[in-house]
Enquirer: 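This is the structure I want to talk about, given as structure tokens.
Only this structure's heavy atoms are used, side chains among them; waters, hydrogens and symmetry mates stay out.
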Amino acid sequence: MLLTKLDKQNEMLPTKNPEIQRTNLGKLSAEAMGIKNLLGFDFMDPPPVANLVSAIESLHAFEAPDNKGCLTRLGYKMEKFLLEANLSKMLYISINLGCSDVILTITSLLSVEKISFVHNTHKVKQPRRRQIPSGRRRPLDTSCRLQRMGSIKIQEHWCFENFIQAGSMRHAQDVQKQLITIMDRYKLDILISGKNYKKICMAISAGFFKNAEDSIHRRDT
């Protein structure tokens, strides 16, 4: 990244923040290593207390640790995926619901940042814009596309026409392959639900119920 001398002097920090202060704390790696009391743990560079409290509350909401800070049986199973707690819970529940094939792809897509982008409006023809899937359909549409492509090379023109970053789709494919390897290692079934979208929605709700709650709260206020 290139910066002007003025930007370097006025905007850049003297030293980079430690990774523990930048990383997502909503994972189960600490509990898996036997750290039962995160708030009392002697971090070399402790993250903000508010971040720790929020992460602990989130993990308890997903029933990953017990009251003593140890991983529950569900927590141990979620930890195997090496994902954020909400994605791990969604993927594990999908196995019981029999829709892990689609949820595996959705999880891969949600693990990638900035998968979509916005064209300059003057460069996009209006008829093409009307063909873009709505925000409500996009996750399933994109996941189905990723499933169909499998190991096939990402189609640049399709990504461009549908406002999707081709590089992010390649990254999602890599995540998908890694998750398949993990599921094969632990003998977890990859089950196809067909067009039973109710099961898919139930699995998503298991991992993202807090988002639904926040959305309802904003709507009521």
Side-chain angles (χ1 to χ4, degrees), residues 1-4 7 11-12 16-17 19 22-24 26-27 29 78 80-95 99-185 188 190-197 199-201 203-208 211 215:
M1 179 176 65
L2 297 178
L3 296 173
T4 64
D7 288 338
E11 297 185 13
M12 290 191 67
K16 195 174 183 179
N17 286 337
E19 185 175 358
R22 294 180 282 113
T23 191
N24 189 329
K27 296 185 178 181
S29 52
M78 290 168 54
K80 291 179 172 62
F81 297 121
L82 306 176
L83 298 166
E84 298 175 20
N86 56 348
L87 296 177
S88 296
K89 180 71 175 287
M90 177 177 68
L91 186 52
Y92 178 73
I93 292 298
S94 71
I95 299 172
C99 57
S100 52
D101 181 54
V102 174
I103 295 297
L104 178 65
T105 305
I106 293 175
T107 302
S108 304
L109 290 167
L110 293 177
S111 301
V112 177
E113 296 182 358
K114 298 180 180 179
I115 199 165
S116 61
F117 68 96
V118 178
H119 288 301
N120 292 331
T121 55
H122 66 278
K123 294 183 179 180
V124 181
K125 296 180 180 179
Q126 191 64 24
R128 174 63 63 186
R129 290 180 62 84
R130 287 199 295 267
Q131 295 174 14
I132 301 303
S134 66
R136 186 172 299 177
R137 289 172 51 200
R138 179 175 290 273
L140 284 179
D141 286 340
T142 309
S143 70
C144 292
R145 181 71 180 191
L146 183 60
Q147 281 183 305
R148 288 197 299 269
M149 285 189 291
S151 59
I152 301 174
K153 184 178 180 181
I154 296 293
Q155 299 175 6
E156 300 275 352
H157 68 278
W158 179 88
C159 291
F160 181 80
E161 291 174 356
N162 289 273
F163 294 73
I164 292 175
Q165 300 275 11
S168 297
M169 286 289 280
R170 294 190 191 95
H171 186 191
Q173 276 189 331
D174 293 337
V175 173
Q176 186 184 47
K177 293 174 184 176
Q178 293 172 9
L179 290 175
I180 290 174
T181 301
I182 291 173
M183 294 182 74
D184 288 341
R185 182 188 306 161
L188 300 173
I190 300 178
L191 305 171
I192 300 175
S193 63
K195 294 185 178 180
N196 192 336
Y197 296 119
K199 289 184 177 181
I200 297 172
C201 291
I204 295 175
S205 299
F208 289 88
N211 298 64
S215 176

Enquirer: Could you tell me whether the side chain of K80 reaches within less than 4.5 Å of the side chain of Y92, counting heavy atoms only?
Expert: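 No, their side chains stay 4.5 Å or more apart.
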Enquirer: Considering only heavy atoms from C-beta outward, does the side chain of S193 approach that of D101 to under 4.5 Å?
Expert: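 S193 vs D101: side chains apart.
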Enquirer: Crowded around I192 CD1? As in, over 12 foreign heavy atoms under 6.0 Å?
Expert: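 Not more than 12 within 6.0 Å, no.
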Enquirer: To the nearest 0.5 Å, what is the distance between CD1 (I204) and CD1 (I93)?
Expert: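 The CD1 atom of I204 sits 13.0 Å away from the CD1 atom of I93.
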Enquirer: When rounded to the nearest 0.5 angstrom, what distance separates CZ in R170 from CD in Q165?
Expert: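 Reported value, rounded in 0.5 Å steps: 10.5 Å.
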Enquirer: Drop me the distance from K89's NZ to N86's CG, to the nearest 0.5 angstrom.
Expert: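 The NZ atom of K89 sits 10.5 Å away from the CG atom of N86.
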Enquirer: Say you draw a straight line from OG of S111 to CD of Q178; how long is it, rounded to the nearest 0.5 Å?
Expert: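 Taking OG in S111 and CD in Q178, the distance rounds to 9.5 Å.
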Enquirer: So if I apply the side chain to side chain contact (heavy atoms under 4.5 Å, CB included) rule between M90 and each of L104, I200, I103, L83, which one comes out positive?
Expert: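 Single side chain to side chain contact (heavy atoms under 4.5 Å, CB included) partner of M90 among L104, I200, I103, L83: I103.
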Enquirer: Can you find a side-chain donor-acceptor pair between Q176 and T105 that sits under 3.5 Å?
Expert: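 Short answer, yes.
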Enquirer: So do F208 and L110 actually touch side chain to side chain, heavy atoms under 4.5 Å?
Expert: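 The answer is yes, as the side chains (C-beta and beyond) meet within the 4.5 Å cut-off.
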Enquirer: I need the minimum non-hydrogen distance between L191 and S100, along with the two atoms involved.
Expert: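 Between these two residues, the closest heavy atoms are N-OG, 2.7 Å.
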Enquirer: If I take atom CG from residue L87 and atom OG1 from residue T107, how far apart are they, to the nearest 0.5 angstrom?
Expert: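 Separation between the atoms: 5.5 Å.
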Enquirer: For the atom pair CE (M169) and CD (E156), what is the distance rounded to the nearest 0.5 Å?
Expert: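 These two atoms lie 11.0 Å from each other.
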